[in-house]
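Have a look at the structure below, then the notes.
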Amino acid sequence: MQTEEIVSLFKRRGVLWPSAEIYGGSAGLFDYGPVGIALKRRLEDAWARWFVGLSPNYYLIDPADIVPEAVVRASGHLDHFSDADVACGKCGHHARADTLLEERGLKDVEGLTPEALGRLLREENPPCPRCGERALTVPRPFNLMFGLDFGVTGKERAYLRPETAQGAYLSFARMWDVGRKQLPLGIAVIGKAYRNEIAPRNVLFRMRAFTQAEVQIFFDPDDFQVPLQAVEHEQLPCLRATDRAMGAREPTLVSAKDLVEKGGLPDFYVYHMVHYLRFFRDVLRYPVERIRFLEKNEKERAFYNRIHFDLEVKLDSLGDFKELGAVHYRGDYDLTRHGAGSKTDLSVTTTAGKKVLPHVLELTFGVDRNLWALADLHLRVETPAAAAPSPTPTPTPAPAPATAPASSPPPGEGDLKEEKGPRTYWALPAYLAPTQVAVLPLVRKLHASLAEGIAETLRDAGLSVVVPLTASVGKRYAREDEVGTPYAVTIDGETLENGSVTLRERDSRAQRRVEVKALPGELFPRVQAPRPGRGPPWSTPPA
RNA sequence: GCGGACAUAGUGUAGUGGUUAGCACGCAAGCUUCCCAAGCUUGCUACCCGGGUUCGAAUCCCGGUGUCCGCACCA
């Protein structure tokens, strides 16, 4: 699916749109609509169910998204998250101080403070790249964080958090008690992070306010037991840094066991890679051939990351593999820094009586980006010609006892009228769909009130239900297909007689008759997101 | 931030100085008694913002904002 098609559908159907649209928009900010926020919350819930579910000692918390300056000073964001911007006093042209100096042949200017860059600029006095005037201003630190005047006096500085992870580190000491003093301790956060990006681009891929879902796993580096043998045969598509250095472009499949025994990665790290892969492949159902773990080399990764694999997925809309998540082994960097910054001893005493400063394994996940990926990978357009082969012989799955046996045969695929044009449907897993069931009265006047009653019953059972009333039934099916509603229940004359309805499945459009009273039991299990280690309940065949 | 291109109903578009700003899809109301965007009737909605040139600007010029593409950036 291409970017323009996705954006157009997103706007049309109420998924999301540019923020402050009536004022011309504001780059890098988006508003989620009713369909979008429903999907986003389901995605977040599925993520939490999976990753927080990895251990009973992993917890979801919701820390503040404003942090005092001391926090970002300790974390390093204040120093490392900024560039020095200079403007031409004559023509107003903006440029980066380090770039100007590098262009004049100076080396090792990266990482210098704005003051140091200012001194060098005075010595060099380079001309403005646009007008040639030697009238550059003093470098002004441009930080990628949004700074805030905090408190009444305006003298306190605070920042919108540039990543959610900091909240987990700040809460570690408290959570050590709450979590009953056990390692490993996982602290998960789902929330907004804010970056004043220079060039927001690609809709949900570089935003100025975006949602991250992360687990920070605190563990004893000498003792992090994981049941690797349970997953050791899982094959991971990996592109290692060493192989990349030798020109490799394609990932190779390596078993979890080999990654540990021959690849030199710690077992706890590989164990979490496996669960990451399973989440993308089995829960989000991204095609496995589009997934790869890309290892960042020493130069590419942040200096505190000891091991860094991005989980990348190939997206047609953006034409390449894009980072949708990552696994970072951050060592003891964060607790060391915040321990020093806050003058607090963040080391803990384990049950074995050992004093240890925990290390951190970070599993990070971009919620908005994955919402985009769900559109890119699961939105399908079927032209009538392409759709034609499938319909005829598709027998409806084995009828459950609930199926009304004596009723007239349901209008099966063979009875479909000729299709009018391409059909767009969003093949989301049922547990991610914004709306789970559409209850459609076949003829509004005759069946609407009955449809409302059935919808209420299904809502009572915990399902998210809509009752579209306008337009022909075919058009209503099409609208629901486009926003990914997995099941449609159609109310017709027979429903009035014997309480049976037609249950239609989105992707195959297969239909079968079901007793109304069997619907909750039939549908509810299918809209539950999977949990790790529970087998594959999600592989239940479609209704 | 830099360079280039672009900006017209909800969506996609036509419109090169004077148009009631056109078309398609869509959406809404009504008719239609039974399963995949059907048909008929009626209706709805637009020139990104600000300034300038001109008798007259969607159209030309300037500035802003936004989008896309490349570069840069993404501790």
Side-chain angles (χ1 to χ4, degrees), chain A residues 3-5 7-14 17-29 72 75-87 93-100 102 110-111 129-130 142-145 162-163 195-203 205-207 300-305 310 319 323 333 382 384 387 391 408 410-425 440-447 469-482 488-496 501-504 506 509-511 513:
Chain A
T3 297
E4 303 76 39
E5 299 173 278
V7 168
S8 161
L9 186 142
F10 275 11
K11 286 185 189 171
R12 255 184 313 120
R13 295 297 186 205
W17 50 81
S19 209
E21 242 184 331
I22 60 169
Y23 284 97
S26 181
L29 300 178
V72 289
S75 70
H77 286 93
L78 207 51
D79 295 331
H80 294 286
F81 219 54
S82 61
D83 295 319
D85 176 76
V86 288
H93 182 88
H94 282 261
R96 280 182 47 188
D98 53 356
T99 311
L100 286 177
E102 272 169 8
E110 203 183 319
R130 186 158 74 184
F142 169 80
N143 200 283
L144 255 37
M145 291 189 293
E163 60 177 22
R195 293 182 193 176
N196 195 7
E197 294 287 356
I198 295 165
R201 199 90 45 103
N202 291 331
V203 198
F205 265 74
R206 198 182 298 168
M207 301 198 291
E300 292 165 330
R301 66 183 187 238
F303 63 91
Y304 51 74
N305 272 336
D310 279 348
E323 179 196 345
Y333 174 79
E382 254 174 29
S408 62
E413 290 279 344
D415 298 313
L416 293 185
K417 287 179 191 161
E418 199 174 321
E419 287 196 55
K420 294 297 176 287
R423 172 174 98 103
T424 302
Y425 64 102
L440 312 182
L442 191 56
V443 178
R444 183 175 181 171
K445 278 184 188 164
L446 301 179
H447 312 125
L469 296 173
T470 64
S472 71
V473 72
K475 183 172 278 193
R476 282 177 280 160
Y477 284 142
R479 285 175 186 161
E480 294 304 323
D481 285 347
E482 215 173 29
V489 168
T490 310
I491 313 304
D492 58 18
E494 218 176 300
T495 315
L496 296 163
V501 295
T502 306
L503 179 59
R504 171 191 185 268
R506 176 196 61 210
R509 295 183 299 163
Q511 303 191 141
R513 284 206 88 84

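Proteins get letters first, then strands, A, B, ... in listed order; numbering begins at 1 in each. Values below: every heavy atom of this structure, side chains too, minus hydrogens, waters and symmetry copies.
Separation of the C1' atoms belonging to B:G1 and B:A37 is 46 Å when rounded to the nearest angstrom. B:U54 and B:U59 have their C1' atoms separated by 13 Å, with the value rounded to a whole Å. Between the P atoms of B:C31 and B:U16, the separation comes to 43 Å (whole Å). Going from the P atom of B:G18 to that of B:A28 covers 37 Å, rounded to whole Å. Rounded to a whole angstrom, the distance from the P atom of B:U53 to that of B:U13 is 34 Å. Nucleotides B:U11 and B:U65 have their P atoms positioned 23 Å apart, rounded to a whole Å. Spacing between B:C23 and B:G15 at atom P, rounded to whole Å, works out to 15 Å. Only the P atoms considered, B:G26 is 25 Å distant from B:A21, to the nearest whole Å.
You'll find that the side chain of A:Q511 is closest to B:C36, out of B:C74, B:G66, B:C36. When the nucleotides B:A37, B:C34, B:A72 are ranked by their closest atom to the side chain of A:A478, B:A37 comes out on top. Residue A:R13 places its side chain closer to B:C27 than to any other of B:C27, B:A75, B:C73. Out of B:A75, B:C69, B:C35, the shortest distance to the side chain of A:N202 is found at B:C69. Side chain of A:R96, nearest nucleotide from B:C74, B:C71, B:A72: B:A72. Taking every side-chain heavy atom of A:A199 into account, B:A72 is the closest of B:A72, B:C35, B:U33.
Note on A:V86: nothing from the nucleic acid sits closer than 4.0 angstrom, heavy atoms only. Using a 4.0 Å heavy-atom cutoff across all strands shown, A:G493 reaches at least one base atom of the nucleic acid. The residue A:T490 sits close to a base: some heavy atom pair falls under 4.0 Å. Among the heavy atoms of the strands lying under 4.0 Å from A:A302 is at least one base atom, whether or not backbone atoms are also near. A:H94 comes within 4.0 angstrom of sugar-phosphate atoms only, judged by non-hydrogen atoms across all strands, and of no base. Backbone-only contact: A:T470 has heavy atoms under 4.0 Å from sugar-phosphate atoms and none from a base.
At a cut-off of 3.5 angstrom, the base of B:C35 holds at least one donor-acceptor pair with the side chain of A:Y477. For A:E494 and B:C34, a side-chain-to-base donor-acceptor distance below 3.5 Å is absent, hydrogens and geometry of angles not being considered. Within 3.5 Å, a donor on the side chain of A:R504 pairs with an acceptor on the base of B:C36, or the reverse.
Map A:R476 and A:V443 each onto its nearest nucleotide of RNA chain B; the residue landing nearer the 5' end is A:V443. Nearer the 5' end of RNA chain B, as judged by each residue's closest nucleotide, is the contact made by A:K445, out of A:N305 and A:K445.
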Base-pair string, RNA chain B, Watson-Crick plus G-U, cut-off 3.5 Å on both distances, | for inter-strand, is (((((((..((((....[...))))((((((.......))))))...(((((..]....))))))))))))....
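Residue A:N196 has no polar side-chain atom (N or O) positioned under 4.0 Å from OP1 or OP2 of B:C73. Taking side-chain N and O atoms only, A:K11 has no distance below 4.0 Å to OP1 or OP2 of B:G12. Using a 4.0 Å cut-off, no side-chain N or O of A:R12 falls inside it from OP1 or OP2 of B:C25. One finds no side-chain N or O of A:S472 lying less than 4.0 angstrom from the OP1 or OP2 phosphate oxygen of B:C35.
Between the P atom of B:A75 and the CD atom of A:E163 lies a distance of 10 Å, rounded to the nearest Å. One interatomic measurement links the two molecules: CD of A:E480 to P of B:C36, which rounds to 17 Å at whole-angstrom precision. Atom-to-atom, CD of A:E323 to P of B:C73 comes out at 17 Å; the value is rounded to the nearest Å. Distance A:D492 CG to B:U33 C1': 12 Å, rounded to the nearest Å. What separates CZ of A:R195 from P of B:A75 is a distance of 7 Å, to the nearest Å. Atom CZ of A:R506 and atom P of B:A37 are 18 Å apart (whole Å). Computed from coordinates, the A:Y425 OH to B:C36 P distance equals 18 Å when rounded to whole Å. Atom CZ in A:R479 sits roughly 9 Å away from atom C1' in B:A37 (whole-Å rounding).
Taking CZ of A:R206 as the reference point, atom CZ of A:R195 lies at 10.5 Å (rounded to 0.5 Å). From A:R13, atom CZ reaches atom CD of A:E482 across 4.0 Å, with rounding to the nearest 0.5 Å. From A:H447, atom NE2 reaches atom CG of A:L496 across 5.0 Å, with rounding to the nearest 0.5 Å. A distance of 5.5 Å separates CG of A:L144 from CD1 of A:I198, quoted to the nearest 0.5 Å.
A cation-pi contact links A:R504 to A:Y477, judged by a cut-off of 6.0 Å to the six-membered ring centre and 45° from its axis.
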- Task: List the steps, then state whether side-chain contact (heavy atoms from CB on, under 4.5 Å) holds for A:R513 with A:T495.
- Result: CA-CA 10 Å; A:R513 284 206 88 84; A:T495 315; 4.0 Å; yes
Verdict with supporting geometry, A:V7 and A:K11, side-chain contact (heavy atoms from CB on, under 4.5 Å) = CA-CA 6 Å; A:V7 168; A:K11 286 185 189 171; 3.9 Å; yes
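Enclosure of atom CZ in A:F303 by more than 12 non-hydrogen atoms of other residues, nucleotides or ligands within 6.0 angstrom is indicated.
Considering all non-hydrogen atoms of both residues, A:P162 and A:M145 come closest at CG-SD, 3.7 Å. Residues A:R476 and A:L440 share a closest heavy-atom pair of NH1-CB, 4.0 Å.
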